[in-house]
Amino acid sequence: MPSKYNPQKIEKKWQKVWEQKKLYKTSNTSQKKKYYALIEFPYPSGDGLHVGHVRSYTAMDIVARKRRMQGHNVLYPIGWDAFGLPTENYAIKTGSHPKIVTKRNTDTFRRQLKSLGFSFDWSREINTTDPDYYKWTQWIFLKFFEAGLAYKARTFINWCTKCKIGLANEEVVAGRCERCGGEVVRREKEQWMLKITAYAEKLLKGLQDVDYIPEAKIQQENWIGRSEGATIKFKVQSSKFKINEEIEIFTTRADTLFGATYLALSPEHKLIAKRKMQIVNWKEVESYITATKKKTDIEHTAEGKEKTGMELKGIKAINPATKEEIPIWVSDYVLAGYGTGAIMAVPAHDERDFEFAKKFGLPVREVIQQPNVSVLNTAYAGEGVLVNSSSFTGMQSIEAKKAIAEFVGGKITIQYKLRDWIFSRQRYWGEPIPLIFCERCKKLIKSSKFKVQSSKFIKGELLNPGWIPIKEKDLPVELPHVKSYTPTDTGESPLAGIASWVRVKCPRCGGAARRETDVMPNWAGSSWYFLAYLMSKKAFKNKTSIGNWKLEIGNFRHFMPVDWYNGGMEHTVLHLLYSRFWNQFLHDIKLVPTAEPYKKRTSHGLILGEGGDKMSKSRGNVVNPDMLVREFGADALRMYEMFIGPFNQAAVWDPRGIIGTRRFLERTWNLISNFQKPSSKQDLISKNKSSNQKRIEQLLHQTIKKVSEDIENLRINTAVSSLMILLNEMEKSEIRNPKFEMSCKKTFLRLLAPFAPHIAEELWQKSGGKKSVHLEPWPKFDKTLITEDIITLVVQVNGKMRATLKASIGISQKEVERLAFADVRVIKALDGKHPARVIYVPGKLINFVL
RNA sequence: GCCGAAGUGGCGAAACUGGUAGACGCGCCAGGUUUAGGACCUGGUGGGGAAACCCAUGAGAGUUCGAAUCUCUCCUUCGGCACCA
């Protein structure tokens, strides 16, 4: 009686066995070569696991399982990135505490992930909202503070009107909130900032040493946005008063200085308010500035290039090259946060300046020769030969940049688009920032008697007078239990309302002080989680301290860097950049062994719902993995998601597609499960290999090669199809050699194991396997068996295929020609003519050109 | 506007450094097994044509004995950035 494939039964069974045997537990001390495979740990949303998670996790599970079979000590960990707004918003709506919601969601995710048979080392599970976890997040923040890389600043921030939260620049997409799509307005607020700009150059340079997909590298490079240029000072004059003032500008085109016909300042530029007295149209200027401040980013974007501005009448600047007096304007096309917040405008050679000059009737002076003279209605922004530039006329742009900058006493500098990371959030469900504000300590630092050198104050305290770090032994600063988490419109955290929590003693002077009530952004916990997986249980139980961290360095050294990290493209300028920054910092203070955390980074494509839209509840096109596991089995789901299309491209969910891989597994079952073990007598029959057997053997080795290579290149869709081809052929072939057949099928199972671990294990055990198939060695192919000795040659006439020939590999050209000329179709195509030329590619084709 | 990726059957897609276009799978068609059903088995399945053959990889040109693949122009879709001087 043949048995039937029943995934529901065997999948649960093996999941239990693997767990009991701790098959995927990773040793910290193994002598084997380590391999650290990482996926982006999920945010445990209330919607449960998404088929998109399954796609990414299965791919890395395949890599991890293959590496294990290849003899590596593989670490494939999992955890929860559980701080965040959706949980908090859900808690506000339902009244249940975020902690409870998180617990419920992670329980669901855990159950779902386990049902898919991923080879995670569950003993290392982490949760960013666990106080034992976030005490270390807070500790690392304090290291930034100590180093002077965390500072509080009153700046304009991006305020999401819907989430009621400040956003990092990276979180604003086209003037809208990256998360909710709500409108973002500019708001002035005191915020904690992390000085990521100090790492701009390192973050850029580090990209050279890592193996990231090119798109990820390019996106990071663009985001960091390095450009070389010069800062040049322009003297300022007033018509009425004598003033001694200069405006510094940044330009990448010092070669065009002779064409600078006005200066433009950003509305936030300090000089404007400072020279209020000298600006004769101050009222107009002031109202222009207030108008621009009111604009939201969306209005800015929507307006596009329609430029606005106001001249600062009464003051003028002197072009240091021409010594001419030029007007000074204020305009919001000049950004406060980039360069010096002021530019020299060269209308002839910059499109924006050109447009502005046209609108306000400012002079356009050409100083670079335009290659094609015909275009006069736009600026020529390219480089070239200088004209109208006094003694520099005739020089090339590249030389002139340096020469002119030097001539006017400018400084060569480098600018980055990257801004510091706004690190405060005014919500509840995040890590409290572990700092205390003490008025008394502030006064002490600011007093003239206070001698900085002799003090025990650390860098962060000097930089942020009055801000005192929590003592290490007092970490974590736990989130207090509150009844209402509702965010406020005033921009204060809900924590600010809990007086008993806010009022504390100053850790330094013991006086009355108050806590920081902002929390960290949801990127904090994920900025170092790849290290947390390596830390011992003790490290989480013990107090936070340099000493206890250093006990873990051995583990870091053993496993870092991550060998292969797969994740979504949407995290390339957020999480990926942030976590590289944290790791580089920790490396600089000698707390981790490598500067770069990830050796290799790849990216998966999204899985879209039917019709090609993003899967969402509101569209009603969400696919539930639980249902698919129940109906088709985890193995079929895993294989289908690998088969659905190229891994790095978006795929549209086809509800019927999964049937294909289910059928494949069913046929695998039928072919292998009822196989009889060969007796020793039967072995004797099979001394000679039948041609059938030879063909299968060859295909088998070709498949080993293909599957092995495809996994490494994440071309998993074609790996699956090659397994299907092999199965098709094995089914068709009639081999009368049971021993060979057995070894064939066993190799097939080992190839299948990473993809469909449960069925592979069950059939492996049924075929007499003693250990788990997942501990078996990965099959190796035999080169000599792969090459075919009978090949198919293509015969072309004038490049068109006319016939194919079967021939042995060593056949000569003469022989090929003889055979080709004998073919009816070739004779017909030649039409009695003699080929003028014959192109022969040995082993491939012959082409007769008439 | 700038940067990047991609356009191949009814559908998801294959095609290694230019060398048999459409592997593998879904769907569909025909037949079979079954009391019946199909998430079963066998065969077929780009278009035109009776056939010989011809036409087909977004459009158009080019290079080549030979182009889905290389070059140029254009069109479309998706992703990123968006006044960064």
Side-chain angles (χ1 to χ4, degrees), chain A residues 173-175 213-216 218-219 221-223 225-227 229 249-253 256 264 297 300-301 303-307 331-335 337-346 349-353 355-356 381 415-419 569-570 572-573 605-606 612 631-632 636 639-640 643-646 648-664 666-667 670 706 709 715 717-725 727-728 792-804 825 828-829 835-841 843-850:
Chain A
V173 177
I213 46 165
E215 299 96 293
I218 290 167
Q219 273 191 34
E221 277 163 10
N222 290 346
W223 191 262
R226 180 187 201 271
S227 53
I249 59 96
F250 172 74
T251 180
T252 55
R253 294 298 303 273
T256 63
D297 281 8
H300 256 282
T301 320
E303 272 170 16
K305 291 211 161 97
E306 185 56 33
K307 292 192 173 47
S331 172
D332 65 355
Y333 88 89
V334 182
L335 304 174
Y338 184 77
T340 59
I343 61 157
M344 69 173 202
V346 186
H349 304 293
D350 183 283
E351 274 179 52
R352 295 152 300 181
D353 298 345
E355 200 194 321
F356 192 83
Q415 286 293 332
Y416 300 92
K417 287 188 201 173
L418 185 72
R419 316 280 170 82
M569 259 334 266
E570 71 274 19
T572 339
V573 282
L606 293 175
E631 204 170 328
F632 298 96
M639 283 207 100
Y640 174 57
F643 190 55
I644 196 166
N648 58 354
Q649 277 173 38
V652 176
W653 186 262
D654 177 0
R656 288 172 306 224
I658 191 170
I659 290 165
T661 50
R662 170 65 194 250
R663 280 182 193 147
F664 163 77
E666 217 144 311
R667 281 165 42 214
N670 292 338
K706 176 109 180 98
E709 288 171 358
R715 300 169 56 140
N717 53 331
T718 51
V720 173
S721 84
S722 68
L723 285 170
M724 287 172 167
I725 292 168
L727 179 74
N728 290 347
T792 309
L793 273 167
V794 172
V795 184
Q796 295 181 335
V797 177
N798 279 341
K800 279 199 175 137
M801 205 269 286
R802 293 296 165 179
T804 56
R825 294 185 62 207
K828 214 170 165 188
R837 229 178 117 189
V838 178
I839 288 150
Y840 179 60
V841 185
K844 280 239 166 97
L845 88 160
I846 189 154
N847 187 11
F848 300 109
V849 187
L850 296 179

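We use all heavy atoms of the structure for the numbers below, so side chains are in, but hydrogens, waters and symmetry mates are not. A note on names: the letters A, B, ... follow the listed sequences, proteins ahead of strands, and every chain is numbered from 1. This is a predicted model, so every value here is computed, not measured.
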Asker: OP1 or OP2 of B:rA14 versus the side-chain N and O atoms of A:Asn717: is any pair under 4.0 Å?
Answerer: yes
Asker: Go along nucleotides 25-33 of chain B 5' to 3' and tag each nucleotide: B for a protein heavy atom under 4.0 Å from its base, S when only backbone or sugar atoms are that close, - otherwise.
Answerer: SSS------
Asker: Under 4.0 Å between any heavy atoms, over every strand shown, what does A:Leu335 touch: base, sugar-phosphate, or nothing? Just pick one.
Answerer: base
Asker: Mind checking if A:Pro214 touches a base, just sugar-phosphate, or nothing, with heavy atoms under 4.0 Å?
Answerer: nothing
Asker: Hey, does A:Val573 reach any base, or is it just sugar-phosphate, or nothing, if we go heavy atoms under 4.0 Å?
Answerer: nothing
Asker: Mind checking what makes side-chain hydrogen bond (donor to acceptor under 3.5 Å, both in side chains) contact with A:Thr252, not counting sequence neighbours?
Answerer: none
Asker: Not counting sequence neighbours, which residues clear salt bridge (Lys or Arg N to Asp or Glu O under 4.0 Å) with A:Lys417? List them please.
Answerer: none
Asker: What is the nucleic acid contact for A:Ile343, judged by heavy atoms within less than 4.0 Å: base, sugar-phosphate only, or nothing?
Answerer: base
Asker: Mind checking what makes ring-ring contact (aromatic ring centres under 6.0 Å, His included) contact with A:Phe848, not counting sequence neighbours?
Answerer: A:Phe821
Asker: Measure the acute angle between the ring planes of A:Tyr338 and A:Phe250, then classify it against the limits of 30° and 60° as parallel, tilted or perpendicular.
Answerer: perpendicular
Asker: Step by step, would you call A:Tyr640 with A:Ile659 a side-chain contact (heavy atoms from CB on, under 4.5 Å)?
Answerer: CA-CA 8 Å; A:Tyr640 174 57; A:Ile659 290 165; over 6 Å; no
Asker: Suppose we screen for side-chain hydrogen bond (donor to acceptor under 3.5 Å, both in side chains). Which residues come up paired with A:Trp223, at least two apart in sequence or across chains?
Answerer: A:Glu170
Asker: Taking O4'-C1'-N9-C4 for purines and O4'-C1'-N1-C2 for pyrimidines, is B:rG48 syn (within 90° of 0) or anti?
Answerer: anti
Asker: Side chain of A:Lys844, heavy atoms from C-beta onward: which of B:rC16, B:rC24, B:rA85 has the nearest atom to it?
Answerer: B:rC16
Asker: Tell me every residue that passes salt bridge (Lys or Arg N to Asp or Glu O under 4.0 Å) with A:Arg667, counting only those two or more places apart in sequence or in another chain.
Answerer: A:Glu731
Asker: Partners of A:Arg662 by salt bridge (Lys or Arg N to Asp or Glu O under 4.0 Å), sequence neighbours excluded?
Answerer: A:Glu666
Asker: Could you tell me which residues satisfy salt bridge (Lys or Arg N to Asp or Glu O under 4.0 Å) with A:Asp350, sequence neighbours excluded, listed by chain and number?
Answerer: A:Arg352
Asker: Using a heavy-atom cut-off of 4.0 Å across all strands, would you classify A:Gln796 as base, sugar-phosphate, or nothing?
Answerer: base
Asker: By side chain to side chain contact (heavy atoms under 4.5 Å, CB included), which residues pair with A:Glu570, not counting sequence neighbours?
Answerer: none
Asker: Starting at the 5' end of RNA chain B, write a dot or bracket for each base, bracketing those in Watson-Crick or G-U wobble pairs whose two distances are under 3.5 Å and using | for partners on another strand.
Answerer: (((((((..(((......[....)))((((((.......))))))(((....)))..(((((..]....))))))))))))....
Asker: Polar atom pairs between nucleotides 52-56 of chain B and protein, under 3.5 Å, N or O only, would you list them?
Answerer:
{"residue": "B:rA52", "atom": "O2'", "partner": "A:Lys828", "partner atom": "NZ", "Å": "2.4"}
{"residue": "B:rC54", "atom": "OP1", "partner": "A:Arg802", "partner atom": "NH2", "Å": "3.3"}

Asker: Is any side-chain nitrogen or oxygen of A:Tyr333 closer than 4.0 Å to OP1 or OP2 of B:rA85?
Answerer: no
Asker: For A:Ser331, enumerate each residue passing the side-chain hydrogen bond (donor to acceptor under 3.5 Å, both in side chains) test, keeping only those at least two apart in sequence or located in another chain.
Answerer: none
